[in-house]
Amino acid sequence: EVQLVESGGGLVQAGGSLNLSCAASGFTFDADYAIGWVRQAPGKEREGVSCIGTTDGITYYADSVKGRFTISTDVAKNTVYLQMNGLKPEDTAVYYCAAEWFQYCWRTMTTMGADYWGQGTQVTVSS
């Protein structure tokens, strides 16, 4: 059974930083997955934020987070991270870890077609 477990959310002031983690079980990163982060703010649609290919390392970032967020993986820990710097109030949302087997990151992030989803972690940025 595949599970994605997020951690690292919280409350931070504008300009601050958070590092989200997503621990994956039920598959390993030597399999070809697109794994990343999707967020949903109250009253808004889900938005693909960032993604990385587990075997090719190709990354995807939404325009709204480019230059501020960095995605990375720890293969030994089967974990994907999202380092978020320069946080803005508009980054406030529930952040979900999502994974899709054998897919391009850009497609997973734009179609919301992930096979697996985590339970989400709240990120709140105060002004």
Side-chain angles (χ1 to χ4, degrees):
E1 180 188 4
V2 173
Q3 285 191 319
L4 303 174
V5 180
E6 303 101 332
S7 60
L11 173 64
V12 65
Q13 288 188 332
S17 299
L18 285 173
N19 190 24
L20 303 184
S21 299
C22 171
S25 59
F27 70 94
T28 58
F29 283 12
D30 58 358
D32 192 1
Y33 277 83
I35 187 165
W37 300 89
V38 172
R39 68 186 180 187
Q40 187 166 26
K44 294 188 177 181
E45 293 186 351
R46 287 189 172 187
E47 175 191 19
V49 174
S50 183
C51 180
I52 187 167
T54 56
T55 56
D56 59 20
I58 294 175
T59 57
Y60 167 94
Y61 294 97
D63 288 343
S64 57
V65 306
K66 282 181 181 176
R68 300 189 296 123
F69 292 8
T70 303
I71 193 167
S72 62
T73 59
D74 184 329
V75 175
K77 295 183 178 180
N78 231 43
T79 298
V80 60
Y81 303 96
L82 186 67
Q83 177 65 43
M84 305 186 295
N85 298 328
L87 282 162
K88 304 175 181 179
E90 51 263 45
D91 294 317
T92 295
V94 177
Y95 283 70
Y96 297 91
C97 185
E100 187 170 6
W101 179 74
F102 202 63
Q103 187 55 273
Y104 295 110
C105 265
W106 67 266
R107 189 165 179 85
T108 299
M109 292 290 105
T110 56
T111 65
M112 300 298 132
D115 300 313
Y116 308 105
W117 294 85
Q119 81 286 353
T121 186
Q122 177 71 46
V123 171
T124 303
V125 185
S126 63
S127 58

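This one's a predicted model, so the numbers in the text were calculated from it and none came from an experiment. Counting from 1, the numbers follow the sequence of the chain as shown.
Atoms OG and CD, on Ser127 and Gln13 in that order, are 9.5 Å from each other to the nearest 0.5 Å. The OH atom of Tyr81 sits 4.5 Å away from atom CG of Asp74, with the distance rounded to the nearest 0.5 Å. The SG atom of Cys105 sits 9.5 Å away from the CD1 atom of Ile35 when rounded to the nearest 0.5 Å. Here CG of Asn19 is found 8.5 Å from OG of Ser7. Values are rounded to the nearest 0.5 Å. Atoms CG and CE, on Leu18 and Met84 in that order, are 4.5 Å from each other to the nearest 0.5 Å. One distance of note links CG of Leu11 with OG of Ser126; it measures 5.0 Å at 0.5 Å rounding.
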Requested in this report: Tell me, with the steps shown, if Tyr116 and Tyr33 meet side chain to side chain contact (heavy atoms under 4.5 Å, CB included).
Outcome: CA-CA 11 Å; Tyr116 308 105; Tyr33 277 83; 4.0 Å; yes
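With hydrogens and angles left out, the side-chain atoms of Ser64 and Glu90 include no donor and acceptor closer than 3.5 Å. For the 3.5 Å distance criterion, the side chains of Thr108 and Glu100 qualify, holding a donor opposite an acceptor.
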Less than 3.5 Å apart, which donor and acceptor atoms pair up between the side chains of residues 92-99 and the rest of the protein, not counting sequence neighbours?
residue : atom : partner : partner atom : Å
Thr92   : OG1  : Pro89   : O            : 2.9
Thr92   : OG1  : Val125  : N            : 2.9
Thr92   : OG1  : Val125  : O            : 3.4
Tyr95   : OH   : Arg39   : NH1          : 2.9
Tyr95   : OH   : Asp91   : O            : 2.7

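By the 4.5 Å heavy-atom criterion applied to side chains, Tyr104 and Ile58 are not counted as neighbours. Between Val49 and Met109 the shortest side-chain heavy-atom distance does not fall below 4.5 Å.
In this structure, the side chain of Asn78 engages the main chain of Phe29 through a donor-acceptor pair within 3.5 Å. In this structure a side-chain-to-backbone donor-acceptor pair under 3.5 Å is present from Thr54 to Ala31. The backbone N or O of Asp30 lies less than 3.5 Å from no partner atom in the side chain of Thr55, so there is not a single donor-acceptor pair.
In terms of heavy atoms, Asn85 sits closest to Ser17 at OD1-OG, 2.9 Å. The minimum heavy-atom distance between Glu47 and Ala62, with the atom names listed, is OE2-CB, 4.0 Å. Smallest separation of non-hydrogen atoms from Gly9 and Leu20: N-CD2, 3.6 Å. Residues Ser72 and Ile52 approach most closely at CA-CD1, 4.5 Å, considering heavy atoms.
Phe102 and Val80 fall within a single hydrophobic cluster, where Ile, Leu, Val, Met, Phe, Trp and Tyr side chains are chained together by heavy-atom contacts under 4.5 Å. At a threshold of 4.5 Å between side-chain heavy atoms, the hydrophobic network of Ile, Leu, Val, Met, Phe, Trp and Tyr places Trp117 and Trp101 in two separate groups. There is a path of hydrophobic side-chain contacts, each under 4.5 Å, that joins Trp37 to Val2. A continuous path of ILVMFWY side-chain contacts below 4.5 Å connects Ile71 to Phe27, so both sit in one hydrophobic cluster. No chain of hydrophobic side-chain contacts below 4.5 Å, direct or via other Ile, Leu, Val, Met, Phe, Trp or Tyr residues, connects Val38 to Leu4.
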